[in-house]
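Dropping a structure here in structure tokens format, bear with me for questions.
If you're wondering where the values come from, they're calculated on a predicted model, not measured in any experiment. What you see below is based on every heavy atom in this structure, not just the backbone, and it leaves out hydrogens, waters and symmetry mates.
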Amino acid sequence: MNAPMPYAEVAVDAPVRGPRTFTYAVPPGMALASGQMVQVSFGPRIADGVVVKLSPSTTIDPIKPVLQADSNGPLLMPHQLELAEWVSDYYLSPLYDALALMLPPGSRGRTLSVVMRPSEEALAHMSDTLRERIAVLFPGRRQQVREEVLRARAGPGTQREVDRLIRQGLLQRHPRWRALHPPGVVQEEPEPFPLGEPPLSPTLAQRAALDAIGPALDSRRHEAFLLHGVTGSGKTEVYLQALARCLESGRKGIVLVPEIGLTPQAVQRVQARFPGQVAVLHSRLSALERRQAWWDVRRGRYPIVIGSRSTLFAPAWPLGLIVIDEEHEWTYKQQEAEPRYHTRAVATRLAQEAGALLLLGSATPDVAVYHRAAIPMTSGRLRLLELPQRLGVDGAGASPLSEVQVVDMRQELRDGQRGIFSRPLQGALAETVARGEQAVLFINRRGESGIVQCRDCGHTLRCTSCDVPLTYHSDIGRLVCHQCNRRRRPLLQCPRCRSGRFRQLGLGTQRVVSELEALLPGAPVLRWDRDAAEEAGQEDGVLERFARGEAQVLVGTQMVAKGLHVPSVTLVGVVLADIGLHLPDFRSSERVFQLLCQVAGRAGRGREPGRAIVQTYRPDHYAVALGARQDYQGFYRQEIAFRRRLGLPPFSRLLRLVYAHRNEAQAEREASRMGRVLRHQQRIWGLGEVAVMGPAPAYPLRVRGRYRWHILLRGPSPRVLLDRVEVGPGWGVDVDPITVL
């Protein structure tokens with residue numbers, strides 16, 4: 001019989017960087033296991049935690065006990081604990097934050113601390129300031145209030161007094177733990193799954209890819225593949241047949257897509273092939289629906305899970321296959337909260353732990369990823385699989401790529417054409433509509449106009465919280481900040497010179513729609529951008545309406561480039577290919593190239609040939625010229641040479657430090673101090689291979705009222721320098737950032 005383990009190493013919900021745990025005593029009679037949620041005392045508060053491991057002894061004295069254990073038992077499996085520890089260490093994030101990714105929906109923030117009505121004795125020991133501030137929190141017969149509300153009312157200057165009163169027992173604090181009951185089992189005995197759509201007969205290229213993937217799946221060993229195929233080349237069919245082989249071996253599959261709401265057709269194909277076997281996880285589900293889906297996957301109800309990046313952490317086990325479709329998309333990187341992980345890197349680690357196969361797919365792979373696959377001696381190599389030809393409508397045979405015409409808008413201006421549509425695009429739109437076919441127009445900017453400017457003094461209307469111009473949205477009659485979504489009515493007078501004369505500069509989807517309706521009166525037009533996506537109903541979205549033929553022209557942002565497959569689309573027009581091309585980010589050219597390739601690939605996916613017209617003021621730029629031709633190899637050769645010359649990824653690694661503060665001077669001072677500390681440690685330790693770049697203001701400088709400065713570390717392993725520096729509060733650490741703005 002195993003001896004009880006009286007001590008638990010607990011990851012606590014607290015802002016501690018890295019995979020640090022805290023030791024607690026297991027009270028007699030309490031049964032604990034690794035992966036189980038607990039409630040513990042942490043400093044002056046009660047916090048949630050997860051047991052990472054149990055220990056027979058400890059050198060810590062005195063030691064606090066675990067207060068409460070989750071009655072559901074362990075929620076996380078051993079491989080998830082190991083994965084979370086790796087995520088925490090690699091991305092320098094709190095271990096609990098990494099574990100929380102894998103807990104059931106609704107697990108975060110379970111602990112609620114309440115403070116009881118102060119007794120007369122407690123009131124007598126309070127300062128006049130604190131007594132006055134919290135008196136209003138207990139009107140009438142109210143007996144308790146949430147601790148966070150009390151502390152907020154007390155104010156920053158009285159926090160120590162509150163802590164003292166709690167320690168002395170004068171203020172009574174009681175923890176409340178929200179119950180986390182798993183939903184009931186929907187059906188104990190699952191019925192046989194209905195038959196799905198039969199697989200298509202693979203082409204020679206698809207067969208070669210499947211012949212490489214199959215043995216790796218059968219052997220249950222970890223391997224990683226990059227499936228590089230032009231748009232419409234049949235990558236999804238390879239995914240589906242690989243999934244079928246995975247399921248035959250008794251293992252589970254995870255399919256990741258960039259954004260679940262933007263790729264409904266890909267999701268529908270997986271569900272049609274495997275009816276009743278697919279769990280779809282996305283943000284549109286209610287909290288109860290998400291929790292039900294999580295537990296159904298955990299119980300083995302669904303062998304396939306599909307969704308966006310967080311779906312990677314679903315409890316699908318034993319795991320045999322991870323598919324990441326459109327692996328180049330920036331949405332696979334978590335940027336707003338810790339851990340700032342990249343799905344591709346975490347998926348690689350998970351597949352290694354599970355002995356699973358990782359399958360990345362893209363028509364325009366990330367340059368660093370393709371480099372790993374193309375260079376035989378590269379560490380962590382991917383095996384490269386190619387689908388070089390677009391398929392015909394029956395899934396077999398070859399179909400030519402769209403005929404592409406690049407229009408020099410500078411020449412259009414010289415010829416007197418000042419509208420947003422060039423003469424070739426106007427003619428092609430008219431012909432397409434007249435034939436009863438469909439067209440897609442792409443402009444990578446929302447709204448009516450990107451800038452609203454005073455005609456008299458030149459003042460640009462900007463967000464009061466962010467250092468960016470406001471965009472006018474004609475459909476709601478508001479100026480909108482695309483950073484923080486703050487909205488305001490259009491001004492009648494310029495705040496600087498009191499003039500009432502404004503002009504709208506730039507263009508967005510709404511202006512394109514209005515000018516298109518004037519150009520083609522009577523032709524039904526739909527708009528598909530983030531604003532339209534939020535307004536559209538889930539059951540009758542814009543893409544579904546366009547696919548049914550309710551409109552002949554679809555105007556959209558980069559959302560139209562992601563997985564749109566409408567066979568009757570014969571024309572794609574890129575209204576302005578240059579947006580984002582000159583941003584101060586070394587990946588700007590790659591992103592423009594990827595978007596142009598993806599958009600051009602939306603045309604000609606049916607029986608009729610496709611045509612793409614790309615309007616640009618930089619027809620000589622290699623990203624534009626090669627993107628229009630969908631020439632990935634040509635782009636890769638130029639881009640990889642550029643990065644090799646400057647020592648940029650994949651020939652180095654980046655680590656970004658960002659400091660944000662509401663006071664502009666404080667932000668600059670702290671960034672300058674950190675820059676000096678980093679360079680000092682660099683000299684002391686002789687780490688000349690790590691370059692310290694900055695500090696410099698981030699772009700944009702101010703977001704949501706906070707001024708941002710950043711520092712970049714570049715080298716073979718920039719972590720070796722950062723590990724020698726204490727990173728204080730206010731600093732965010734982004735390992736392998738996807739943007740350096």
note = Between L170 and S119 the two heavy atoms that sit nearest each other are O-OG, 4.4 Å
task = Indicate yes or no for a side-chain donor-acceptor contact from E289 to the backbone of S286 under 3.5 Å, with no hydrogens or angles considered.
result = yes
inquiry  = Quick one: does any side-chain atom of D89 pair with a main-chain N or O of G18 as donor and acceptor, under 3.5 Å?
reply    = no
message = Within the supplied structure, the quantity of interest is the number of heavy atoms (other residues, nucleotides, ligands) at a distance under 6.0 Å from R153 CZ; does it exceed 12?
response = no
message = Please report the interatomic distance CG(L701) to NE2(H710), rounded to the nearest 0.5 Å.
response = 10.0 Å
query = Is a side-chain donor-acceptor pair under 3.5 Å present for E147 with S113?
reply = yes
R131 atom CZ, neighbour heavy-atom count above 12 within 6.0 Å = yes
request  = Indicate the ring-plane relationship of Y91 and W86, choosing parallel, tilted or perpendicular according to the 30° and 60° boundaries.
outcome  = perpendicular
Heavy-atom side-chain contact between R110 and M37 under 4.5 Å = yes
key: Point-to-point distance, once rounded to the nearest 0.5 Å, from CZ of R702 to OH of Y707   = 4.0 Å
ask   = Which heavy-atom pair separates P339 from S93 by the least distance, and what is that distance?
value = CB-OG, 3.2 Å
inquiry  = I'd like to know whether CD of Q168 has more than 12 heavy-atom contacts from other residues, nucleotides or ligands below 6.0 angstrom.
reply    = yes
message = Hydrogens and angles aside, do Q159 and D163 bring a side-chain donor and acceptor to less than 3.5 Å of each other?
response = no
message = Quiz question: by atom type and distance under 3.5 Å, do the side chains of S127 and E161 form a donor-acceptor pair?
response = yes
task = Give the intermediate values and the outcome of side-chain contact (heavy atoms from CB on, under 4.5 Å) for residues V114 and V145.
result = CA-CA 5 Å; V114 298; V145 68; over 6 Å; no
inquiry  = What I'd like to find out is whether the side chain of R656 reaches to under 4.5 Å of the side chain of I711, using heavy atoms alone.
reply    = no
ask   = Any side-chain heavy atom of L99 sitting closer than 4.5 Å to one from D97?
value = no
query = Side chain of E85, backbone of E82: donor and acceptor closer than 3.5 Å?
reply = no
request  = Provide the closest heavy-atom pair for L654 versus P718 in the form atom of the first, atom of the second, distance.
outcome  = C-CG, 4.2 Å
message = So R151 and E148, do their side chains get closer than 4.5 Å, heavy atoms only?
response = no
query = For A154, does its backbone N or O pair with a side-chain atom of R133 as donor and acceptor, under 3.5 Å?
reply = yes
query = What's the verdict on side-chain contact (heavy atoms from CB on, under 4.5 Å) for L67 and I46, showing C-alpha distance, side-chain angles and the deciding distance?
reply = CA-CA 9 Å; L67 300 179; I46 308 299; 3.6 Å; yes
ask   = Is there a side-chain contact between L657 and L712 (heavy atoms, below 4.5 Å)?
value = no
request  = Taking atom types as modelled, find out whether S465 and R704 have a side-chain donor-acceptor pair closer than 3.5 angstrom.
outcome  = no
inquiry  = I need the Q36 CD to D70 CG distance, nearest 0.5 Å.
reply    = 6.0 Å
message = Within this structure, what is the CD1-CG distance for the pair I306 and L281, rounded to the nearest 0.5 Å?
response = 10.0 Å
message = Whether the W177 and D48 side chains hold a donor-acceptor pair (N or O, under 3.5 Å, no angle test) is what I'd like checked.
response = yes
ask   = Would a 4.5 Å heavy-atom cut-off, applied to side chains only, mark Q335 and R340 as touching?
value = no
task = Please report the C-alpha distance between T58 and Y24 in whole Å, then the side-chain angles of each, then the deciding distance to 0.1 Å, and finally whether the side-chain contact (heavy atoms from CB on, under 4.5 Å) criterion is met.
result = CA-CA 9 Å; T58 183; Y24 289 86; over 6 Å; no
ask   = With distance as the sole test, does R498 use its side chain to make a donor-acceptor pair with the main-chain N or O of Q493 at under 3.5 Å?
value = no
ask   = Looking only at heavy atoms, what is the nearest atom pair of W295 and P182, with distance?
value = CE2-CB, 3.3 Å
task = Please answer whether the main-chain N or O of L75 pairs with a side-chain N or O of R298 as donor and acceptor at a distance below 3.5 Å.
result = yes
query = Considering only heavy atoms from C-beta outward, does the side chain of P56 approach that of Y7 to under 4.5 Å?
reply = no
request  = Would you name the heavy atoms of A69 and L32 that are closest together and state the gap between them?
outcome  = CB-CD2, 3.6 Å
task = State whether a side-chain donor-acceptor pair under 3.5 Å links E670 with W731.
result = yes
task = Step through it carefully: locate the ring centre of F22, locate the ring centre of Y96, and say whether they are under 6.0 Å apart.
result = no
request  = Give, for atom CG of L470 and atom OG1 of T460, the distance between the pair rounded to the nearest 0.5 Å.
outcome  = 10.0 Å
query = Got a second to check how far L103's CG is from R108's CZ, nearest 0.5 Å?
reply = 9.0 Å
query = Going through the distances and angles, do L350 and L312 end up as a side-chain contact (heavy atoms from CB on, under 4.5 Å)?
reply = CA-CA 9 Å; L350 175 58; L312 179 65; 3.8 Å; yes
Greater than 12 external heavy atoms within 6.0 Å of H680's NE2 = no
query = How close do V740 and P584 get, heavy atom to heavy atom, and via which atoms?
reply = CG2-O, 4.1 Å
ask   = Okay, side chain of R20, backbone of L95: is any donor-acceptor separation there less than 3.5 Å?
value = no
D736-Y90 side chain donor-acceptor pair, cut-off 3.5 Å = yes
query = Does any N or O in the side chain of R117 come within less than 3.5 Å of the main-chain N or O of F138, such that one atom is a donor and the other an acceptor?
reply = yes
Donor-acceptor under 3.5 Å (S672 side chain, E668 main chain) = yes
inquiry  = Counting neighbours of NZ on K333 that are heavy atoms of other residues, nucleotides or ligands and sit closer than 6.0 Å, is the number greater than 12?
reply    = yes
message = Does any part of the side chain of E338, heavy atoms only, come nearer than 4.5 Å to the side chain of P94, both counted from C-beta?
response = yes
ask   = Is there a donor-acceptor pair under 3.5 Å between the side chain of T343 and the backbone N or O of Y332?
value = yes
